[in-house]
Amino acid sequence: EPTWSRGDSEMRKQIAKPISGGLILSYKCPSQCRHCMYACSPKWKADWISEADLEKILVQLSKYIEPSPYGSQAVSLNNGLHFTGGEPFLNYELLCQAVDIAEKLNIPSTFVETNSYWCTSDELTRERLELLKKKGLKGIMISVNPFYLEYVPFERTERAIRIGQEIFGNNLMVYQLEYYRRFKEAGIKGKVAFEDYFRLEGRDNFVRNVEFFITGRAAYTLKGTFGESFPRYRASHFFSQPCRP
Ligand code: SF4
């Protein structure tokens with residue numbers, strides 16, 4: 001928990017040591033999801049993390065990262081270290097380097113997060129995931145919700161999950177699994193515009209049935225859609241509130 005201590009002339013907040021982390025390789029992404037926490041987009045200049053910074057940051061993090069409660073070879077959402085973006089598979093070579101370094105440093109419970117846009121064939125998907133596993137990556141997290149579905153054909157997500165499970169077994173995480181189940185049940189094919197999916201689910205079901213995060217640019221992109229369900233506040237409203245509940 002954060003604690004307070006007195007500095008030279010003011011109270012300073014002591015930030016708790018990290019026990020898990022997500023390393024953003026770039027803010028560039030082929031998608032532009034309406035809820036994206038970091039407002040990632042294809043329009044960003046890639047500005048990939050340099051190899052030197054990658055090494056420096058991973059060395060620092062290696063002292064703190066704690067393994068999953070199920071062990072260093074397992075993964076869990078709030079433990080270990082994950083590689084993310086933006087979309088890390090946009091620069092597969094860099095992702096491989098990151099995994100190599102993390103493995104050399106014995107960082108536990110590593111996984112990669114992806115929106116599966118690149119899973120255009122079984123061969124390519126298997127080849128890339130097998131190599132990452134061979135290099136020491138422990139698992140993978142596949143993103144699924146109606147905002148990704150606007151950009152990534154559902155067949156690619158299904159492929160990533162099917163082959164990811166063959167390769168990583170129980171270390172495959174689907175976030176959010178409930179949306180995956182709903183898309184399968186609805187027989188979703190290809191990409192679906194958010195407005196169409198919203199109509200399919202029905203407004204009340206949408207906000208009631210599945211955990212739903214309105215983060216990042218969602219305050220702007222969804223203000224017309226969810227205006228009455230979620231009150232809006234100016235940023236200053238949150239200034240005195242802690243980041244952690
Ligand atoms: S796929 Fe992820 S990083 Fe890319 S825009 Fe969507 S939420 Fe953001």
Side-chain angles (χ1 to χ4, degrees), residues 20-49 53-54 57 75 77-78 80-96 98-99 110-120 124-125 128-129 132 137 139-161 163-164 168 172-180 182-183 188 190-198 201 206-207 210-223 225-226 230 243:
S20 68
L23 187 59
I24 294 177
L25 303 185
S26 164
Y27 289 102
K28 195 173 179 72
C29 185
S31 306
Q32 196 168 324
C33 305
R34 301 189 199 207
H35 72 319
C36 184
M37 200 177 284
Y38 309 114
C40 296
S41 136
K43 295 178 203 139
W44 279 83
K45 189 167 160 278
D47 195 20
W48 293 98
I49 189 169
D53 283 347
L54 197 57
I57 292 166
V75 293
L77 268 187
N78 297 315
L81 178 80
H82 66 277
F83 302 105
T84 186
E87 172 51 56
F89 280 85
L90 270 179
N91 190 339
Y92 181 67
E93 205 179 307
L94 184 68
L95 175 60
C96 287
V99 173
T110 50
F111 66 93
V112 65
E113 189 177 352
T114 182
N115 69 16
S116 314
Y117 87 97
W118 56 276
C119 298
T120 50
L124 179 68
T125 307
R128 287 187 169 182
L129 295 186
L132 287 170
L137 190 73
I140 187 167
M141 188 175 91
I142 311 289
S143 303
V144 189
N145 77 23
F147 301 122
Y148 304 108
L149 189 61
E150 291 201 280
Y151 294 94
V152 180
F154 188 51
E155 293 79 359
R156 295 187 193 181
T157 307
E158 290 181 297
R159 178 177 290 120
I161 292 172
I163 297 177
F168 290 105
L172 169 113
M173 295 178 281
V174 177
Y175 192 75
Q176 297 162 274
L177 189 58
E178 175 60 13
Y179 277 120
Y180 177 68
R182 279 166 182 260
F183 294 173
I188 297 282
K191 300 180 197 172
V192 178
F194 180 71
E195 288 74 11
D196 293 340
Y197 184 75
F198 194 48
E201 275 271 3
F206 194 87
V207 289
V210 191
E211 187 183 34
F212 181 60
F213 296 110
I214 303 193
T215 51
R217 63 178 153 226
Y220 306 100
T221 56
L222 294 173
K223 67 180 177 196
T225 318
F226 291 118
F230 298 98
C243 301

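Whatever order the structure lists ligands and atoms in, that order sets their numbers, starting from 1. All heavy atoms count here, side chains included; hydrogens, waters and symmetry mates do not.
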* Apply the test side-chain contact (heavy atoms from CB on, under 4.5 Å) to residues Leu137 and Leu95: give CA-CA distance (whole Å), side-chain angles for both, the deciding distance (0.1 Å), then the verdict. => CA-CA 10 Å; Leu137 190 73; Leu95 175 60; over 6 Å; no
* Crowded around Tyr151 OH? As in, over 12 foreign heavy atoms under 6.0 Å? ->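 Enclosed: over 12 neighbouring heavy atoms sit under 6.0 Å from OH of Tyr151.
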* Protein N, O or S atoms at less than 2.8 Å from atom 4 (Fe) of ligand 1, how many? ->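 Protein N, O or S neighbours of atom 4 (Fe) of ligand 1 under 2.8 Å, waters not counted, come to 1.
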* To do: Please round to the nearest 0.5 Å and tell me the distance separating atom CE of Met173 and atom OG of Ser143.
  =>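 Reported value, rounded in 0.5 Å steps: 10.5 Å.
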* So, are Arg159 and Glu155 salt-bridged, with charged N and O less than 4.0 Å apart? ->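 Answer for the salt bridge query: no.
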* To do: Begin from the C-alpha positions of Glu158 and Tyr180 and carry the test side-chain contact (heavy atoms from CB on, under 4.5 Å) through to its verdict.
  => CA-CA 9 Å; Glu158 290 181 297; Tyr180 177 68; 4.2 Å; yes
* For Tyr92, is the NZ or CZ atom of Arg128 found under 6.0 angstrom from the centre of its six-membered ring and inside 45 degrees of the ring axis? ->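 Yes, Arg128 sits over the ring of Tyr92.
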